[in-house]
Amino acid sequence: GFCLFDTAQTHFSVMRTPYRRDIIRMVADACRRHGVKPCWYHSIMDWHHPDYLPRRDWERGIRPVNGAQFSRYVAYLHAEVEELLTHYGDVGVLWFDGEWENTWTRELGIELADRCRALAPHLIINSRVAPKQSSGLNAKLAKAEIGDFSTPEQEIPDRGIPGVDWESCVTMNGNWGYNRADHNFKSVPKLVGMLIETASKGGNLLLNVGPTGEGLVPPESVDRLEGIGRWMGAHAEAIRGTNASPFGNASFRATRKDKSLYCFLPDWPASRELLLPGVHALPRRASMMGDAARQPLAARRVDTGVVISVPETATDPVCSVVACEFDAPVRVS
């Protein structure tokens with residue numbers, strides 16, 4: 001329930017601390033200087049507001065329940081959201097969380113989503129604005145959710161979520177918030193692999209950073225982000241703006257975009273050959289993205305598809321990428 005912005009709705013905000021600066025304003029201004037559209041997270045669940053219900057066992061004696069009216073909290077929540085959507089320019093996403101408690105109903109979620117769209121017609125809203133209709137990750141259930149995209153947590157669905165926009169939200173270690181005792185951070189290859197897996201299944205990866213109480217990004221997180229950045233420096237084209245892999249049974253992950261196909265090789269094939277199963281059109285050009293010269297690779301047709309001859313050694317220590325350019329969008333039979 002603590003507000004990181006200048007709000008007229010409550011004193012429980014950063015403006016009442018010694019810092020006295022609107023962090024959301026600073027983030028919005030910085031995003032626009034770099035051509036990024038700012039996106040906000042907002043918790044529906046509130047552990048401070050006197051009208052928020054239900055109470056928990058650990059709140060006994062801290063927040064008395066007498067006189068609490070949940071309808072007043074809902075009005076407060078709407079007012080907070082209105083400030084976030086009208087005081088900081090164009091916002092890309094409002095990412096809600098904490099919708100699972102029994103006081104928050106689908107009807108309340110629909111009302112909040114409608115209010116958001118009235119204030120910002122082009123806003124993207126995640127599915128956590130309202131409780132799920134029922135459990136599961138298949139397409140029918142996901143489409144029944146309110147909001148524009150689904151948000152599986154700490155997992156990447158085995159087959160993605162066909163026909164639905166989705167993003168997996170994942171921690172770098174085992175905690176969403178900072179935990180000084182948790183040094184079990186995922187490695188750079190593991191995190192890059194998760195990025196590749198989500199992209200190859202048609203999803204987005206939302207990678208969490210838990211800052212310290214001083215507002216610092218932990219050095220382990222900095223190290224991982226820099227490692228991902230180094231890999232993306234050479235391979236971003238294979239991730240950004242791509243679609244899911246066209247292959248149903250390939251031994252490697254892939255993405256595609258327009259007339260291009262990108263194949264990811266974290267392990268180097270001993271045969272120095274990459275089979276594109278079910279592809280029968282030869283690429284106009286094939287090359288390794290990690291090769292600064294982008295030397296063309298040989299390609300030939302076989303009965304089961306197209307074989308690309310790769311170099312003797314990998315071009316990237318984390319994951320090499322073969323880029324194939326075709327004269328038409330890739331078709332797999």
Side-chain angles (χ1 to χ4, degrees), residues 1 4 24 36-47 52-54 70 73-74 76-85 88 90-172 175-177 194-195 197-210 239-244:
L4 296 177
I24 294 296
V36 175
K37 188 173 289 189
C39 306
W40 308 140
Y41 170 103
H42 197 292
S43 175
I44 291 169
M45 181 169 53
D46 192 306
W47 292 350
Y52 182 80
L53 296 169
F70 192 70
Y73 171 73
V74 172
Y76 162 82
L77 173 60
H78 278 243
E80 291 274 274
V81 167
E82 181 172 349
E83 289 180 344
L84 287 170
L85 294 180
Y88 300 95
D90 190 21
V91 176
V93 175
L94 198 51
W95 209 101
F96 288 104
D97 202 6
E99 84 294 355
W100 50 81
E101 296 197 299
N102 59 14
T103 47
W104 192 253
T105 65
R106 280 181 68 82
E107 291 71 26
L108 289 173
I110 292 170
E111 289 176 6
L112 182 57
D114 289 345
R115 180 63 177 150
C116 290
R117 299 197 191 288
L119 293 166
H122 300 293
L123 182 72
I124 298 172
I125 304 170
N126 71 328
S127 59
R128 298 190 188 189
V129 70
K132 284 189 174 78
Q133 185 163 294
S134 55
S135 61
L137 285 174
N138 65 56
K140 288 184 179 179
L141 294 177
K143 287 180 179 177
E145 293 178 354
I146 309 302
D148 300 303
F149 63 99
S150 293
T151 55
E153 183 169 319
Q154 298 287 42
E155 66 172 331
I156 301 171
D158 288 342
R159 300 181 180 276
I161 311 179
V164 174
D165 291 324
W166 59 276
E167 69 175 4
S168 286
C169 45
V170 177
T171 54
M172 284 192 178
N175 288 271
W176 294 104
M194 296 176 75
L195 174 63
E197 182 180 358
T198 55
S200 72
K201 295 177 178 179
N204 183 55
L205 179 64
L206 180 63
L207 188 60
N208 179 75
V209 174
I239 298 292
R240 293 187 179 134
T242 58
N243 296 311

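- Under the side-chain hydrogen bond (donor to acceptor under 3.5 Å, both in side chains) criterion, E111 pairs with no residue at all, not counting sequence neighbours.
- The closest side-chain heavy-atom distance from L77 to W104 is below 4.5 Å.
- Here T242 pairs with nothing under the side-chain hydrogen bond (donor to acceptor under 3.5 Å, both in side chains) rule; sequence neighbours left out.
- At least one side-chain heavy atom of T103 sits less than 4.5 Å from a side-chain heavy atom of P54.
- For E82, the side-chain contact (heavy atoms from CB on, under 4.5 Å) partners two or more places apart in sequence, or in a different chain, are T86, R115, L119.
- For D46, there are no salt bridge (charged side-chain N to carboxylate O under 4.0 Å, His left out) partners, not counting sequence neighbours.
- Remark: L108 CG to I44 CD1 distance equals 9.0 Å, nearest 0.5 Å.
- Heavy atoms only, all atoms of each residue included: V129 and G147 are closest at CG1-N, 4.5 Å.
- A search for side-chain hydrogen bond (donor to acceptor under 3.5 Å, both in side chains) contacts involving D114 returns nothing, not counting sequence neighbours.
- For T198, the side-chain contact (heavy atoms from CB on, under 4.5 Å) partners at least two apart in sequence or on another chain are I156, W166, S168, L205.
- Distance check: Y41 OH to C169 SG gives 9.5 Å after rounding to the nearest 0.5 Å.
- Looking only at distances, a side-chain donor or acceptor of N126 sits under 3.5 Å from a matching main-chain atom of F96.
- The distance from atom CG of N102 to atom CG of L53, rounded to the nearest 0.5 Å, is 9.5 Å.
- Taking 4.5 Å as the limit, every side-chain heavy atom of M172 sits out of range of all side-chain heavy atoms of N208.
- For W47, the ring pair (Phe, Tyr, Trp, His ring centres under 6.0 Å) test picks out W58, with sequence neighbours left out.
- Listed by chain and residue number, W40, L85, L123 satisfy the side-chain contact (heavy atoms from CB on, under 4.5 Å) test with V91 (two or more places apart in sequence, or in another chain).
- Sequence neighbours left out, the pairs with a member in residues 117-131 that pass salt bridge (Lys or Arg N to Asp or Glu O under 4.0 Å) are D97-R128, R117-D148, R128-E153.
- The two residues A199 and I239 come nearest to each other via the heavy atoms CB-CD1, 4.0 Å.
- What you find for V81 and H42 is that their closest heavy atoms are CG2-CD2, 4.4 Å.
- Formation of a donor-acceptor pair under 3.5 Å by the K201 side chain with backbone atoms of P157 is found in this model.
- Between M45 atom CE and Y73 atom OH the span is 9.0 Å, to the nearest 0.5 Å.
- Distance check, rounded to the nearest 0.5 Å: CD of E99 to CD1 of I146 gives 11.5 Å.
- Not counting sequence neighbours, the partners of Y52 by the side-chain hydrogen bond (donor to acceptor under 3.5 Å, both in side chains) test are E101.
- Residues meeting the side-chain contact (heavy atoms from CB on, under 4.5 Å) test with N204, sequence neighbours left out: E167.
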